Amino acid sequence: MYVLGISGLYHDSAAALIHNGSIIAAAQEERFTRKKHDPHIPQKAIAYVLKEAGITGEDIDAVVYYDQPFLTLHRFLMNAAALGDHAHKLIDGSFEKMFAHKLWIHNDLKNAIGCLGKQGKLLTAKHHISHAASAFYPSPYEKAVILTIDGVGEWTTTAIGIGEGSSINLCETIAYPHSLGLLYSAFTYFCGFKVNSGDYKFMGLAPYGKPRYYDLIKENMIDIKQDGSYRLNLAYFDYYRGGTMINEDKFSALFHGGRRLPESRITQREMDIAASVQKITEEIIISLASHAKEKYGKETDNLVIAGGVGLNCVANGKLQNARIFKNIWIQPAAGDAGGALGAALYAYYAYFGNERIVRNKDSQKGSLLGPSYTKEEIFKWLDERNIPYSRLHDNERAEKIADLLTENNVIGLFQGRMEFGPRALGNRSIIASCLSNDMQSYINLKIKYRESFRPFAPIVLEERAKEYFDLCSDSPYMLKVGNVIETRRKDFDIEKLLYENEEDMLKVISMPRSDVPAITHVDYSARIQTVDRDTNPKLYDILRAYEKKTGYAILVNTSFNVRGEPIVCSAEDAYTCFMRTGMDVLILEDAILFKEKQPAFADETDWRDTYELD
Amino acid sequence: MNLTDIKEKDLLKEWASFHASPEITKAILSGINTESESYWTTCDTSEENIIEYGFDTMDELQKQLEHLLSDEIFRDIHTRLTVSAFKLRQLSQRPQHESSEDDGENPNFVIPDFVYNF
């Protein structure tokens, strides 16, 4: 039985195809259209997943959308009625999208697929059920407590449920407009970053600050109960009126100044706000998990998480180390894209009543669920364009790449199937040595063209992870943050250093914090990806070869893109990104390309105008 | 004709104004309640988590809206909503050069950074 799941019309549209419960393919539309967070009907992603399975729309048994339009309409109308005479902005902002597009999802999907499968009908799953399903069904657990947290889906912003076998039941929810995801986004906006794409930067900024605004925010903006449930003081927000995220006057009065303008200098205030909001977020998530454990987790020590807030890997790491649940599995595509997968899985197991088989590791297949190229296709592509390259043979591939890494080359690594979800996990990655003090600044400024303060994540052999980090579990999807162990640390007082250097982050970032400086954040934290041989043997072999040469089983891994660009999807995307940036070497499957041997790259456009800054 | 200027939108604004009440505002835009011990809401297990969705005609949509939006407050709005859906859909399907910049079908359309559109 083929089931096609779809997310779209909000942000991060995606398609996912399952066959008899097994994930065949999943991909975000942005990777094909090259528009980050593309919200449109995922026409190209749909075409890809069908092609991967070798089927057409007529072979699909069911098509499932990850949201229920009538429930969203209900919220929109009730919100408007609650605003009364002040509903103009809300209605002006949402009227067309609701009535011209969202209600017509069945028609748009029919057009995109060619038909609505064998039955000619569209199924719609609730938004948080889709998230819950994306977290539970691929997890390695027969039974688990489920926690979903995002901005909003229909009415729900936070939900707790139980998954067992093939069934999922949501038990308790928190409703719009009270939303942890929207609270985080509001502060992201206030600190001058973009809502959605900037949330991750805001999280990365937190370690530079102290939570000086923690009490102020808790006293004025949010009430958190002992059971983790919460409500916002709506006077500080404007999103429920259809305006900007925040009430700027109220925010400015509380934080003694207006919103930071995008791209302007980041000051200690923004760093301290980020630290404060991060602390509150962690506190809520830990309280939610404690409540879920106490009320629903008596018979299970497993927790699964999805929803955009599930991408807050710092909070995830704290939650893991709090040991409320022994085992935690987080959907790698925790945001809306993963809803496509969840919707398909929910239909297969809960709607059609199929039996679920639990796999030991998990059923997510390393989240390597996107397009791939054979080495012959790559050679042909390069030959047709007269691009200079050499062929790598299996027995020398890892060795050669490790050699180049030890010489401090920055390498674009394009191999196997593209990742599903926002993180590059070694198949569409830029990798480099993490031993150099300058590598973080170098990659940020010369290759990624992004803010210098942003940290880089390590990939580490799973069996060596404890030699570097204090994380008490594996982290195959780069969704948990742990600390570099004390014996590797160097003295580093971020507050003092920022003060002494007049808040000049660039100077401070180049100062070593451990013996693996490029992946050690200023608070000694690291967003860890553990690598095992079964999931990604090619990446594993590179790490092994590098360890043999240097004694370090760890490398920098960052997504293969520049700022504002979706992660590369095709060989052409990869070559273009390679040529436009300061990368030294490109590995395209078994072809190796050196920058100095490439002909001059003719860029028809100023590529910095191609991608809107995120 | 600009999609944002159609009269159904004004009718919806009128509806929102007409039905505004402190009770609805309190119920939907509820504030902090320091006396409450919890903000959790227990899920209604009778609600379907997954349903068939679709309509082809105005009559089909109207019937579904009457069924799903059955509260008193919605009593006089089903027809307006149905007309809005069919009218806006038709207008949004026009050739691209005639439609507004904000048209979700336009591949160049980008959600403004300050609007978090739900």
Side-chain angles (χ1 to χ4, degrees), chain A residues 39-40 65 68-70 74 77-85 87-88 91-97 99-101 103-104 106 121-126 129 151-152 169-175 177-178 185 189 194-195 223 225 227 229-231 233-234 239-240 244-245 346-347 350-351 612, chain B residues 3-4 8-9 12-13 15-17 19-21 24-25 27-34 36-43 45 47 49-55 61 64-65 68-69 73-74 77 81 84-85 87-89 91-92 100 102-105 107 109-111 113-118:
Chain A
H40 295 101
Y65 182 60
Q68 295 199 337
F70 286 145
H74 184 258
L77 294 171
M78 292 306 289
N79 194 356
L83 291 170
D85 291 338
H88 287 230
I91 293 172
D92 285 342
S94 296
F95 187 73
E96 185 185 333
K97 289 185 184 71
F99 291 100
H101 302 289
L103 289 180
W104 292 92
H106 54 302
K121 287 175 186 165
L122 177 67
L123 295 172
T124 56
K126 282 185 181 169
I129 274 287
V152 61
N169 289 301
L170 295 186
C171 309
E172 291 180 297
T173 61
I174 295 171
H178 304 289
S185 293
Y189 170 81
K194 267 193 175 177
V195 171
D223 180 34
K225 302 297 187 192
D227 62 6
S229 63
Y230 59 86
R231 269 192 191 170
N233 179 354
L234 296 177
Y239 55 79
Y240 64 95
T244 57
M245 288 302 298
Y346 189 75
Y351 186 78
E612 192 183 351
Chain B
L3 289 190
T4 56
E8 278 70 21
K9 193 163 65 175
L12 190 59
K13 288 175 185 172
W15 172 86
S17 294
H19 286 283
S21 71
I24 289 180
T25 304
I28 304 303
L29 303 177
S30 47
I32 286 170
N33 180 356
T34 50
S36 161
E37 285 189 3
S38 176
Y39 294 127
W40 287 111
T41 304
T42 304
C43 292
T45 51
E47 280 186 13
N49 289 321
I50 186 165
I51 53 170
E52 284 182 15
Y53 179 85
F55 53 86
L61 175 58
Q64 289 189 52
L65 290 174
L68 291 159
L69 304 175
I73 188 175
F74 299 117
I77 200 176
L81 297 176
S84 298
K87 196 166 172 181
L88 263 86
R89 181 64 173 181
L91 292 170
S92 73
S100 77
D102 200 54
D103 188 341
E105 295 289 311
F109 167 68
V110 177
I111 293 176
D113 67 343
F114 56 86
V115 176
Y116 196 84
N117 192 285
F118 310 122

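Values in this document were obtained by computation on a predicted structure and should not be read as measured data. Residue numbers begin at 1 in each chain, while the letters A, B, ... track the order of the sequences.
- With chain B as the partner, the residue from A:Cys171, A:Ala80, A:Pro177 showing the most heavy-atom pairs under 4.5 Å is A:Cys171.
- For B:Phe55, the parts sitting under 4.5 Å from any heavy atom of chain A are the backbone and the side chain alike.
- The two residues A:Lys225 and B:Asn33 make their nearest non-hydrogen contact at NZ-O, 3.0 Å.
- Residues B:Ile28 and A:Tyr240 have side chains not in contact (no heavy-atom distance under 4.5 Å, counting atoms from C-beta outward).
- The contact between A:Ala87 and chain B is made entirely by side chain atoms (from C-beta outward), counting heavy-atom distances below 4.5 Å.
- Interatomic distance, B:Leu91 CG to A:Glu96 CD, rounded to the nearest 0.5 Å: 9.0 Å.
- Note that the CG atom of A:Leu103 and the CG atom of B:Leu81 stand 8.5 Å from one another [nearest 0.5 Å].
- Between A:Ala82 and B:Thr25, the shortest heavy-atom contact is O-OG1, 2.8 Å.
- A:Tyr351 places no side-chain N or O within donor-acceptor distance of the main-chain N or O of B:Ile51, the cut-off being under 3.5 Å.
- To the nearest 0.5 Å, atom OG of residue B:Ser92 and atom NZ of residue A:Lys97 are 12.0 Å apart.
- In this structure, chain A has a heavy atom under 4.5 Å from the side chain of B:Leu65, while its backbone stays farther away.
- Ranked by heavy-atom pairs under 4.5 Å with chain A, the list B:Leu29, B:Leu68, B:Thr45, B:Leu61 is led by B:Leu29.
- Heavy-atom minimum distance, A:Ala81 versus B:Ile24: C-CG2, 4.0 Å.
- Atoms CD1 and CZ, on B:Ile32 and A:Arg231 in that order, are 9.0 Å from each other to the nearest 0.5 Å.
- Heavy-atom distances place the side chain of B:Leu69, and not its backbone, under 4.5 Å from chain A.
- Looking at A:Ile91, both its backbone and its side chain come within 4.5 Å of chain B, counting heavy atoms on both sides.
- Closest non-hydrogen pair, A:His106 versus B:Gly54, comes out as CD2-CA, 3.7 Å.
- You'll find the side chain of B:Lys9 stays beyond 4.5 Å of the side chain of A:Phe99, heavy atoms only.
- A:Ala350 does not touch chain B: none of its heavy atoms, backbone or side chain, sits under 4.5 Å away.
- The shortest side-chain heavy-atom distance between A:Asp92 and B:Lys13 falls under the 4.5 Å cut-off.
- In this structure, chain A has a heavy atom under 4.5 Å from the backbone of B:Glu37, while its side chain stays farther away.
- One finds the CG atom of A:Leu170 at 5.5 Å from the SG atom of B:Cys43 (value rounded to the nearest 0.5 Å).
- Atom CG of B:Asn49 and atom OG1 of A:Thr124 lie 10.5 Å apart (nearest 0.5 Å).
- Nearest heavy atoms, A:Asp223 versus B:Tyr39: OD2-OH, 2.6 Å.
- Taking all atoms of both residues into account, the shortest heavy-atom contact from B:Ile50 to A:Gln68 is CA-NE2, 3.8 Å.
- Looking at A:Leu123, the atoms closer than 4.5 Å to chain B (heavy atoms on both sides) sit in the backbone and in the side chain alike.
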